[in-house]
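Keep in mind it's a predicted model, so treat the numbers as computed, not measured. Sequence lines set the chain letters: A, B, ... in the order given, protein chains first and strands last, and positions in each chain run from 1.
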Protein chains: 2
Amino acid sequence: MEYLEAKDKFISTWGSLGSLWGINKAMAQIQALLFISTKPLSMEDIMEDLKISRGNTSMNLRQLMDWGIVTKVLVSGERKEFFTTEKDVQELTRIIAKERSRREIQPVLKVLDDVSSIKDDGTDKTKELIKQTKALHDLTINADAMLNKLVTQKQNWLTKSIIKLLK
Amino acid sequence: MEYLEAKDKFISTWGSLGSLWGINKAMAQIQALLFISTKPLSMEDIMEDLKISRGNTSMNLRQLMDWGIVTKVLVSGERKEFFTTEKDVQELTRIIAKERSRREIQPVLKVLDDVSSIKDDGTDKTKELIKQTKALHDLTINADAMLNKLVTQKQNWLTKSIIKLLK
DNA sequence: TTAAACTTTCAGTAATTATTGAAAGTTTGT
DNA sequence: ACAAACTTTCAATAATTACTGAAAGTTTAA
């Protein structure tokens, strides 16, 4: 496999994966492109490489910056803006996990908490609703806490030692 | 909040959450409905409750059964089929994690492995592609292993002790 | 074997989500 | 203050994805 083929394969796979976990294709592809680029890219560069429109590029770059994954960089002597992404996978994971927790997990926790707190009128169905949403709430709390703890660790040794511990 | 309102809130939240992590709204809502139901439900019951068509119900129930989350149950004296979902959140998590690993993570790992294995032609961009896809591959392997180990544990004590360990 | 009771399939349609491209907006240098 | 270089916005449109409903298929009981 040649460089160009490998690059395309990586970008398109990353793109379709993205849509699977809540971000759209273009956004994931832009991030992928920046991730394997050796230098910051301009909007023009990205549009050309991925063959997407200026508007699309602009909007998705903004979203990536909102997520904190992509940042603008100034290239001296250039008027236009250049972009780069976090290159360290560990740090990238940390940012994404934190952001997803904030955007998705917290609102769900709120609903689960509200629902599991309704007045118990003594009927079976109410008891079941309370019981099951409480169980989901606890599980979600635990999973979220674990995720955050794990990804907060900058070093890899802890992760590795836990995996070992669990074998 | 009354039972009916709480129930609707739970089902619709679960439904929109579902579409966020790769299963469609109807599928997630059917699962949610079964999850808080005190007894198995027929296709008719589900259609009426969620106000969705027979076809939609049939297709999504099948998918849920493919995932291994929902099972048919025979109700004596009844001709039609009834459905129920796994009620234990721990077990539910285990099934979903395993299924998602198989469906999503493994194919991505394959691509990352292929891409990171291309011949190093000595150029910077090739080196970067190899380096970054390798890093992602390793991270993904670790995350997947950890996920599987964690959810394989049936008891909750281990999870709790790990969280403690990480504090 | 027939028909009633039930489930599945799938072509057509609806709903949702992503993308374009051109106009409006902004910044910078002279 | 002007205009060139660049970015953002957003209404229109395209692409994707989900849903319906009726016909076809299957199972069961008599």
Distance, rounded to the nearest Å, where [X] contributes [atom1] and [N] contributes [atom2]:
X: B:R79; N: D:dT28; atom1: CZ; atom2: P; value: 8 Å
X: B:I52; N: C:dA14; atom1: CD1; atom2: P; value: 19 Å
X: B:M59; N: D:dG25; atom1: CE; atom2: C1'; value: 15 Å
X: B:F83; N: C:dT8; atom1: CZ; atom2: C1'; value: 11 Å
X: A:M65; N: D:dT7; atom1: CE; atom2: P; value: 10 Å
X: B:I23; N: D:dC19; atom1: CD1; atom2: C1'; value: 17 Å

## Note on the structure
5'-most contact on DNA chain D (nearest-nucleotide basis), A:K25 vs A:R62, goes to A:R62
### Query
Does a salt bridge link B:D138 with B:K134, judged by any charged N lying under 4.0 Å from a carboxylate O?
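Not counted as a salt bridge, because no side-chain N and carboxylate O are separated by less than 4.0 Å.
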### Query
With the threshold set at 4.0 Å, does a side-chain nitrogen-carboxylate oxygen contact exist between A:K7 and A:D49?
yes
### B:S58 or A:A26, whichever maps to the more 5' nucleotide of DNA chain C
B:S58
### Task
Examine distances only and state if a side-chain atom of A:K87 and a backbone atom of A:F35 form a donor-acceptor pair shorter than 3.5 Å.
yes
### Task
Show your working on salt bridge (charged side-chain N to carboxylate O under 4.0 Å, His left out) between B:E128 and B:K125 and close with a plain yes or no.
CA-CA 5 Å; B:E128 183 74 3; B:K125 58 185 191 180; over 6 Å; no
### Task
Just call it for A:E44: base, sugar-phosphate, or nothing, with non-hydrogen atoms closer than 4.0 Å on any strand.
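Since no nucleic acid heavy atom lies under 4.0 Å of A:E44, the category is nothing.
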### Task
Could you tell me whether A:N24 contacts a base, only the sugar-phosphate backbone, or nothing, with contacts defined as non-hydrogen atoms closer than 4.0 Å?
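Touches sugar-phosphate only.
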### Task
Compare the minimum distances between each of D:dT8, C:dT19, C:dT7 and the side chain of A:K72, then state the nucleotide with the smallest one.
D:dT8
